[in-house]
Amino acid sequence: MEKDLEELEKRLGITFQKKELLKRALTHSSYRIAHREEVSEDNEKLEFIGDAVLNLCISLLLYEKFPQDREGDLTKKRSYLVCKERLIKVAEKLGILDFLLMGRREKALEMKSKLNMAGRALEAIIGAIYLDQGLEKACEVVRSLFGKYLKTMRASLLSDYKTKLQEFLQKERGVIPIYEIVEIKGPPHKPEIEIAVKVGEEVLATAKGLSRKEAENLAAKKALFKLKKFKKI
């Protein structure tokens, strides 16, 4: 494991003072349960810390890059940068799955599920960096990992698909959409929320997100795409 940790440290551009923090960040709860005698902690608490640290670091980077933006604009940009899909892409680039410790059953899961675990492990790693070397170093690593997406982000607002869908439906059908929670999964501090957007009893689309707002906007985006495609046909 030591050699593996050194390779991941190179990819992160950091050398941990306390190697056990990095190892814990890579320990899924399923691995701890399967190895109770040798492993006492998993990465869930580090994930909790890392989620907060990531949001703070991204907020600071956005505040620096877009000084003229209002709070709502910055919030939308932050949601875009720290969403599950972005975490997974960064985790994939780092190859976190090569280092992640998980139970036998979890190893056999489909790739989508394992990538979700890798995305959460990325947050745990950020939490570990914060505890090991402080906020400045954590934000330096976050800038390195997310800089690609930050650099290409436009100053204009990210699309508000809820508003676009409502305007489309009012014009085409004279109705407005409603949003309902289908299911909530995951730990209380990091739930995954599935939302359905409906017109009456008709479900236009469903989507999942790390917040109700994110899930609703994604569902609206999917619904709008389907409706416009159908209209062209």
Joint cluster assignment, [X] & [Y], ILVMFWY side-chain distance < 4.5 Å:
{"X": "V203", "Y": "L227", "result": "no"}
{"X": "L100", "Y": "I129", "result": "no"}
{"X": "L135", "Y": "V82", "result": "yes"}
{"X": "Y179", "Y": "V175", "result": "yes"}
{"X": "M117", "Y": "I88", "result": "yes"}

side-chain contact (heavy atoms from CB on, under 4.5 Å) between L150 and F146, intermediate numbers included: CA-CA 6 Å; L150 186 68; F146 290 83; 5.7 Å; no
Say you draw a straight line from [atom1] of [X] to [atom2] of [Y]; how long is it, rounded to the nearest 0.5 Å?
{"X": "R86", "Y": "L54", "atom1": "CZ", "atom2": "CG", "result": "12.0 Å"}
{"X": "I125", "Y": "N43", "atom1": "CD1", "atom2": "CG", "result": "9.0 Å"}
{"X": "L61", "Y": "K77", "atom1": "CG", "atom2": "NZ", "result": "14.0 Å"}
{"X": "K18", "Y": "D132", "atom1": "NZ", "atom2": "CG", "result": "7.0 Å"}
{"X": "F48", "Y": "E123", "atom1": "CZ", "atom2": "CD", "result": "11.5 Å"}
{"X": "L87", "Y": "I126", "atom1": "CG", "atom2": "CD1", "result": "7.0 Å"}

Evaluate the side-chain proximity of [Y] to [X]: yes if any heavy-atom separation is below 4.5 Å, no if none is.
{"X": "L21", "Y": "R24", "result": "yes"}
{"X": "S30", "Y": "R105", "result": "no"}
{"X": "S59", "Y": "R78", "result": "yes"}
{"X": "D42", "Y": "E47", "result": "no"}
{"X": "F16", "Y": "L5", "result": "no"}
{"X": "L94", "Y": "L145", "result": "yes"}
{"X": "Q170", "Y": "Q166", "result": "yes"}

Identify the heavy atoms of [X] and [Y] that sit nearest to each other, and give their distance.
{"X": "K137", "Y": "G13", "value": "NZ-O, 4.0 Å"}
{"X": "A219", "Y": "A205", "value": "O-CB, 3.6 Å"}
{"X": "A215", "Y": "I195", "value": "CB-CG1, 3.5 Å"}
{"X": "Y161", "Y": "L224", "value": "CD2-CD2, 4.2 Å"}
{"X": "C139", "Y": "L60", "value": "SG-CD1, 4.3 Å"}
{"X": "A25", "Y": "L46", "value": "N-CD1, 3.6 Å"}

Does [atom1] belonging to [X] count more than 12 external heavy atoms closer than 6.0 Å?
{"X": "E136", "atom1": "CD", "result": "no"}
{"X": "E38", "atom1": "CD", "result": "yes"}
{"X": "K65", "atom1": "NZ", "result": "yes"}
{"X": "E71", "atom1": "CD", "result": "no"}

CA sep, side-chain torsions, deciding dist, call: V39, L101, side-chain contact (heavy atoms from CB on, under 4.5 Å): CA-CA 11 Å; V39 180; L101 298 172; over 6 Å; no
Decide, yes or no, whether a salt bridge links [X] with [Y] under the criterion of side-chain N to carboxylate O below 4.0 Å.
{"X": "K84", "Y": "E192", "answer": "yes"}
{"X": "E140", "Y": "R143", "answer": "no"}
{"X": "R11", "Y": "E7", "answer": "yes"}

side-chain contact (heavy atoms from CB on, under 4.5 Å) assessment of K226 paired with L204: CA-CA 8 Å; K226 289 179 181 178; L204 300 177; over 6 Å; no
Partners passing ring-ring contact (aromatic ring centres under 6.0 Å, His included) against Y31 (at least two apart in sequence or in another chain):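 Expected list: H35.
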Distance-only, no hydrogens or angles: does the [X] side chain make a donor-acceptor pair with backbone N or O of [Y] under 3.5 Å?
{"X": "Q133", "Y": "T15", "value": "yes"}
{"X": "K162", "Y": "A220", "value": "no"}
{"X": "N217", "Y": "K213", "value": "no"}

Flag for T27-R32: side-chain donor and acceptor within less than 3.5 Å: no
With K198 via side chain to side chain donor-acceptor pair (under 3.5 Å) - residues at least two apart: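 K198: side chain to side chain donor-acceptor pair (under 3.5 Å) contacts with E180.
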